[in-house]
Amino acid sequence: MAKLKILFFHFDLKGGGAEKVLVNLVNNLDQEKYDITVQTVFGVGPHVANLKPHINYKYIFKRQFRGFSKIQKLFSPRFLHKLFIREKYDVEIAYLETCPTRIISGCPHKETKKMAWIHITLERFGWFRNMRELEKCYRSFDKVVSVSSEVQNTFIQNTGLKNLPYCVQRNVIEADVIQKKGEEKIDIVLAKDKVNLCYVGRLIPSKDPLRLLESLLDLKCKDITNWHLYILGIGELEGKIKEFIKSNKIEQYVTMLGYQQNPYKFVSKMDLYVCSSHAEGYSTSTTEAILLHTPVFTTDCGGMKEILDYGKYGYIVEDNDKDFIEGLERIITNNDLLQYYYEKAVERSSFFKTSVIVKENEDLIDNL
């Protein structure tokens, strides 16, 4: 029996969550059943090296350049598909809600099945010429897949597109790999008399690491200083964060570790993982923290209620500064609460078994 020929089309393979879960998914799909190609607009990003040898990888442009979002709107989806997608596939999957979705919607082959993935709670749709084009594009897909119910509901609310072939599918997490990497030693010494917190992710406004720093500074002003923050990640706010740390003289309380090829060895040793985001889809780093048995404190952003079962397995607060500061103070100053959420993280970790989630994805593809 011939293998099913599948294309996963993405923007790039940089260090974001959607890129990581894409690699996790394709690496774990049954290679005896599927002939898999990953194609990106730009051939950049550290996750390229993480693709397994049997995955076909190709890109359109070797280097990233500004303005592609505007340039691509000058041409129709069908023209762009013909220009960039040279081969014919049984299934084409737009694994990002930006230009990959617009381009894959232009597939001219009637027998090719098409899927569009939505990873974040979308409020703006600048990759499309207008809302009428967006509707036409999404109506061309056989499945519109969201990574959480909140992502799906927000998309419906902001587009008015109620009658699409929607479904919700969890992201693939390589649980065994993450837990194994979490066992590696680290080259820093964690203070035993402090609550060691970590932030993991891109340093961008929607994830708001500055809110976390401002909240911790507020605690310091209340003489609550039994904490140390480790920041793992890079991004556009890096300069502002460094300036904030310096100007408020909290260098002894914050350590910036930058981008880490293996963040898990750090997260596994922490007393608390903190997510300060305003928007997420289905937070990969939060799921990884649970797998590593690290207690979670997070805002109520996309996917958290599903990951943490409405707060049963992690501490969720409303997405506002007042609740964030109060919740952070409560958990940092309460060792019993930290221990409780540690035990809950241990309990929840089995929910993210890789083989189960991979089988769900394979069923989704096979039942198109």
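This is a predicted model, so every value here is computed, not measured.
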Let me have the donor-acceptor pairs involving side chains of residues 229-245, under 3.5 Å, with sequence neighbours excluded, atom names and distances please.
{"unit_1": "E238", "atom_1": "OE2", "unit_2": "K242", "atom_2": "NZ", "d": "3.4"}

Does a side chain donor of either H81 or E92 reach within less than 3.5 Å of an acceptor in the other side chain?
-> yes
Within 6.0 Å of NZ in K82, more than 12 heavy atoms from elsewhere | no
Does the side chain of M304 come within less than 4.5 Å of C275's, by heavy atoms?
-> yes
S149 backbone acceptor or donor facing S146 side chain under 3.5 Å | no
Minimum heavy-atom separation for K265 to I186, with atom names?
-> O-CG2, 3.3 Å
Please state whether the rings of F42 and F61 are parallel, tilted or perpendicular, taking 30° and 60° as the class boundaries.
-> tilted
Where is the tightest heavy-atom contact between N226 and I332, given as atom of each residue plus distance?
-> ND2-O, 3.3 Å
Other residues, nucleotides, ligands: >12 heavy atoms within 6.0 Å of K58 NZ = yes
Checking salt bridge (charged side-chain N to carboxylate O under 4.0 Å, His left out) for the pair D319/R211: CA distance, chi angles, key distance, verdict?
-> CA-CA 11 Å; D319 181 21; R211 166 161 68 178; 2.6 Å; yes
For residues K220 and I250, determine if any side-chain heavy atom of one lies less than 4.5 Å from a side-chain heavy atom of the other.
-> yes
Side-chain ion pair, K322 and E326, N-O less than 4.0 Å | yes
N/O donor-acceptor pair under 3.5 Å between Q179 side chain and L291 backbone = yes
Non-hydrogen atoms of Q260 and L257 that approach each other most closely | NE2-O, 2.8 Å
Do you see a donor-acceptor pair shorter than 3.5 Å between the side chains of T159 and Y138?
-> no
How long is the span from the CD1 atom in I93 to the CE atom in M115, to the nearest 0.5 Å?
-> 5.0 Å
In terms of heavy-atom contacts, F141 and P165 come closest through O-CG, 3.6 Å
Partner set under salt bridge (Lys or Arg N to Asp or Glu O under 4.0 Å) for D142, not counting sequence neighbours | none
Starting from the C-alpha separation in whole Å, work towards a yes-or-no answer on side chain to side chain contact (heavy atoms under 4.5 Å, CB included) for N361 and L25.
-> CA-CA 8 Å; N361 279 271; L25 174 56; 3.7 Å; yes
Euclidean distance, S349 OG relative to I290 CD1, rounded to 0.5 Å | 8.0 Å
Side-chain touch M256/L203, heavy atoms, less than 4.5 angstrom = yes
Nearest heavy-atom contact between S276 and K207 is OG-O, 2.8 Å
Sub-3.5 Å donor-acceptor pair from the side chain of D323 to the main-chain atoms of V317, do we have one?
-> no
Looking only at atom types and distance, does a side-chain atom of S215 sit under 3.5 Å from a main-chain N or O of I325, one as donor and one as acceptor?
-> no
In short, salt bridge (charged side-chain N to carboxylate O under 4.0 Å, His left out) pairs touching residues 160-177 with sequence neighbours left out are R170-E360
Working to the nearest 0.5 Å, report the span between CZ of F128 and SG of C99.
-> 9.0 Å
For K269 and Y264, indicate whether the former's side chain and the latter's backbone hold a donor-acceptor pair under 3.5 Å.
-> no
Crowded around K353 NZ? As in, over 12 foreign heavy atoms under 6.0 Å?
-> no
Any donor-acceptor pair under 3.5 Å linking the side chain of R129 with the backbone of L134?
-> no
Residues Y34, D366; criterion side chain to side chain donor-acceptor pair (under 3.5 Å); working and verdict = CA-CA 10 Å; Y34 310 114; D366 294 343; 2.8 Å; yes
Using side chain to side chain donor-acceptor pair (under 3.5 Å) as the criterion, point out the one residue from D193, N196, T255 that pairs with H228.
-> T255
Would you call the rings of H293 and Y342 parallel, tilted or perpendicular, where under 30° means parallel and over 60° means perpendicular?
-> perpendicular
Check the pair F324 / F297 against ring-ring contact (aromatic ring centres under 6.0 Å, His included), numbers first and verdict last.
-> CA-CA 9 Å; F324 188 83; F297 173 81; 5.3 Å; yes
Ignoring hydrogens and angles, state whether a donor on the side chain of E343 or Q339 is under 3.5 Å from an acceptor on the partner side chain.
-> yes
Modelled atom types, side-chain donor and acceptor of N335 and Y340, under 3.5 Å = no
Run the numbers on L308 and T298 for side chain to side chain contact (heavy atoms under 4.5 Å, CB included), then give the verdict.
-> CA-CA 10 Å; L308 302 173; T298 179; 3.7 Å; yes
CD1 (I365) and CD1 (I6) are apart, to the nearest 0.5 Å, by 4.5 Å
State the CG-CG distance between L22 and L96, to the nearest 0.5 angstrom.
-> 9.5 Å
Going by distance alone, is a donor N or O of one side chain under 3.5 Å from an acceptor N or O of the other, for Y273 and S285?
-> yes
Matching residue for I85 among L7, T112, L80, I60 - test: side chain to side chain contact (heavy atoms under 4.5 Å, CB included) = L7
Side chain to side chain, V145 and V168, heavy atoms closer than 4.5 Å = no
Dump the intermediate steps for side chain to side chain contact (heavy atoms under 4.5 Å, CB included) on I120 and T154, then the final yes or no.
-> CA-CA 9 Å; I120 60 174; T154 301; over 6 Å; no
Taking atom types as modelled, is there a side-chain donor on E280 or S277 under 3.5 Å from an acceptor on the other?
-> yes
Within 45° cone of Y89 ring axis and under 6.0 Å: K5 NZ or CZ | yes
Beyond-backbone contact of L197 with D271, side-chain heavy atoms, under 4.5 angstrom | no
F9 CZ to I103 CD1 distance, which is reported to the nearest 0.5 Å = 4.0 Å
Does atom NZ of K113 have more than 12 heavy-atom neighbours, drawn from other residues, nucleotides or ligands, at distances under 6.0 Å?
-> no
Heavy-atom pair with the smallest gap, counting every atom of N24 and I173 | ND2-CA, 4.0 Å
H119 and E97: side-chain donor and acceptor closer than 3.5 Å?
-> no
Does the side chain of K3 pick up a donor-acceptor pair with the side chain of Q31 at under 3.5 Å?
-> no
Look at the aromatic rings of Y95 and W117 and report parallel, tilted or perpendicular, splitting at 30° and 60°.
-> tilted
Is there a donor-acceptor contact under 3.5 Å from the side chain of N367 to the main chain of D363?
-> yes
Can you check side chain to side chain contact (heavy atoms under 4.5 Å, CB included) on I307 and F352, steps first, answer last?
-> CA-CA 9 Å; I307 294 169; F352 301 104; 3.9 Å; yes
Tell me, do N158 and F125 make a side-chain contact under 4.5 Å, heavy atoms counted?
-> yes
Does some side-chain heavy atom of K359 sit less than 4.5 Å from a side-chain heavy atom of S355?
-> no
